[in-house]
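For reference, the structure is listed below as structure tokens.
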Amino acid sequence: MSIGLLRVLAQRKLVSQEHIEKYQAALKESKPVLPMIFDDKVISPEALAELCSTVFNYPLLDLHFFPRSSIVGDVLDELQMQALRCVPIFRRGKKIFLAVSDPTQIQTLQKALFPSGLTVDLVVVRDDQLSTLLEWFGQSNVSLIKEMGMDASLTESQAKTMIVDGEEEEDGPVARFIQKILSDALNAGASDIHFEFYEFMARVRFRVDGQLREVVQPPLQLRSQLASRIKVMAKLDISEKRVPQDGRIQLQFSKNAKAIDFRVSTMPCLFGEKVVMRILNSDAASLNIDQLGFEPFQKELILEAINRPYGMVLVTGPTGSGKTVSLYTCLNILNTDDVNISTAEDPAEINLPGINQVNVNDKQGLTFEAALKAFLRQDPDIIMIGEIRDLGTADIAIKAAQTGHMVFSTLHTNNAPATLSRMLNMGVAPFNIASSVNLIMAQRLARRLCSACKEPVERPPEQALLRSGFTKEDLEQEWTMYRPVGCDACKGKGYKGRAGLYEVMPMTEKMKAVIMSGGTEVDISNIAYEEGLVDLRRAGLLKVMQGITSLEEVIATTNE
């Protein structure tokens with residue numbers, strides 16, 4: 001903070017003489033003054049930004065909505081940005097726009113940028129947002145990208161030699177860039193990392209809370225080096241670029257930290273291999289059933305179904321809807337010393353002590369069907385099959401459920417009633433379905449509203465709410481609807497984390513009779529609704545009424 005900004009605060013009578021003397025003394029000792037001003041509650045960061053914008057006639061920018069990948073990284077280095085407390089956010093011709101919280105330092109900034117030949121213009125931002133951006137930039141990949149750019153002239157064969165044989169394998173800029181990307185993805189709570197290469201650009205994206213967002217654009221010339229380095233880490237064939245490959249990486253980011261597993265998939269595309277890395281977070285196994293977001297009556301139905309001595313529990317939903325976590329939560333409940341639990345997965349995503357886990361391998365003949373046959377010779381009590389893909393697997397799973405075993409599995413269908421018709425279409429006999437299935441659960445994941453910044457919003461007109469699925473009884477109750485806003489805690493998104501939406505359908509005697517008589521999916525749905533089924537849309541609306549998510553998010557997630 002400069003003496004000029006302190007003078008503005010004094011002129012506006014926002015600061016007492018006692019505080020002025022205190023801050024002047026701190027300025028003489030080169031101590032940061034703005035944190036002191038905020039701690040003394042003289043003015044808030046938001047009010048200071050608005051004041052500076054008004055007094056000095058500079059535009060005001062909310063950095064929550066500024067894409068960090070757009071930072072101009074070749075004008076000032078990291079140390080200069082930290083010292084000057086500014087970030088170059090845009091360049092137009094010979095003019096550079098700097099984000100600052102103290103615009104009275106214009107002359108200092110002009111002097112610093114004079115050697116570049118650029119004209120300085122300012123944009124005022126909140127000081128706390130600027131601090132967050134500077135902290136992120138200090139830890140970002142910009143310096144690594146510049147360092148990698150020095151090697152961009154390498155030919156593909158040189159790059160391959162460097163990666164495989166050279167001393168740079170662990171310490172080179174490409175390796176450190178990938179290590180930083182993986183670390184950043186973990187810190188951001190990402191579930192997947194996408195390395196994508198196009199004709200004129202390359203990019204890295206994270207999937208956070210179900211949404212993809214770009215985080216950095218590495219030099220395009222290094223696409224082969226980046227892909228090859230990841231393939232080396234995953235023990236894949238770097239010379240094979242014509243077919244997809246799958247592998248796995250296990251990394252420990254600090255001495256005492258637990259190892260993190262990454263599932264790697266490569267896919268040949270027009271302009272290079274796309275690489276997607278799924279972060280396999282074993283912490284998910286510590287979730288208990290109360291943390292998943294079931295309504296109380298749904299929880300009771302699930303516990304009753306999984307604690308039966310035999311039968312089948314099926315979980316359905318698209319990829320990334322949380323099916324694995326739901327299944328493992330059930331297995332955790334049943335995982336005691338007196339039961340034998342075996343699972344066949346593609347691949348095993350969560351390691352659980354006390355459970356015998358098998359990775360299926362179709363190339364070697366270890367399919368779901370083969371694993372299931374082997375399990376039945378291993379004296380099992382509980383079996384989990386990652387997915388029922390064909391009639392052979394379905395038949396063996398049903399026979400296991402009918403002969404005293406509890407079987408868990410997944411299918412890819414849109415809702416619970418559709419799962420039964422899917423099994424019928426596979427060729428499973430109606431009698432086998434009716435006699436083996438205990439419960440079917442469909443699920444989705446909806447983004448949670450950020451608890452730090454969500455704000456109440458007036459309810460839409462009654463007719464609009466009724467069309468969305470609310471009932472007259474819902475609208476007569478007292479509850480508050482919220483909307484997303486955006487803050488530092490949620491990175492300006494308005495959402496942080498996800499909540500499960502569940503459709504839990506137990507197999508009742510009436511449903512069994514309809515299945516046995518050749519009933520259709522519609523017939524089964526009608527009975528389910530008659531018996532009180534809460535479908536995915538209704539489950540989402542209950543979360544809206546509880547203030548957990550927004551109506552827009554529920555509609556987008558359950559709009560089928």
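Evaluation of the ring pair (Phe, Tyr, Trp, His ring centres under 6.0 Å) rule for F195 yields no partner, not counting sequence neighbours. Annotation: ring pair (Phe, Tyr, Trp, His ring centres under 6.0 Å) contacts of F408 (sequence neighbours excluded): none.
Residues D474 and R538 are paired through a salt bridge, judged by an N-O separation under 4.0 Å between the basic side chain and the carboxylate. Salt bridge absent: R205 and D192 never bring a charged side-chain N and a carboxylate O closer than 4.0 Å. Salt-bridge formation is detected for the pair K180/D184: a Lys NZ or Arg NE/NH1/NH2 atom is positioned less than 4.0 Å from an Asp or Glu carboxylate oxygen. Between E553 and R448 no salt bridge is recorded (no basic side-chain N to carboxylate O distance below 4.0 Å). Ion pairing between a basic and an acidic side chain is recognised when a charged N comes within 4.0 Å of a carboxylate O; D261 and R248 show such pairing. E295 has a carboxylate O that lies under 4.0 Å from a charged side-chain N of K543, or vice versa, which qualifies the two as a salt bridge.
The closest side-chain donor-acceptor pair between Y529 and D535 falls under 3.5 angstrom. Between the side chains of Y495 and S550, at least one donor N or O sits under 3.5 Å from an acceptor N or O. A donor-acceptor pair shorter than 3.5 Å can be found between the side chains of D390 and T393. Between the side chains of D523 and T520, at least one donor N or O sits under 3.5 Å from an acceptor N or O. Remark: the S131 side chain and the R85 side chain contain an N/O donor-acceptor pair separated by less than 3.5 Å. Side chains of Y198 and R203: a donor on one and an acceptor on the other come within 3.5 Å. Side chains of E345 and N359: a donor-acceptor N/O pair is absent below 3.5 angstrom, by distance only.
For residues 306-333, every residue pair satisfying the salt bridge (Lys or Arg N to Asp or Glu O under 4.0 Å) rule, not counting sequence neighbours, is listed here: E304-R308.
A cation-pi geometry, defined here as NZ or CZ lying under 6.0 Å from the six-membered ring centre and within 45° of its normal, holds between K454 and Y482.
By the neighbour-count criterion of 12 heavy atoms within 6.0 Å, atom NZ of K274 is densely surrounded, having more than that number from other residues, nucleotides or ligands.
Taking CZ from R389 and CZ from F368, the interatomic distance works out to 4.5 Å, rounded to the nearest 0.5 Å.
The nearest pair of heavy atoms linking E531 to K510 is OE2-CB, 3.6 Å.
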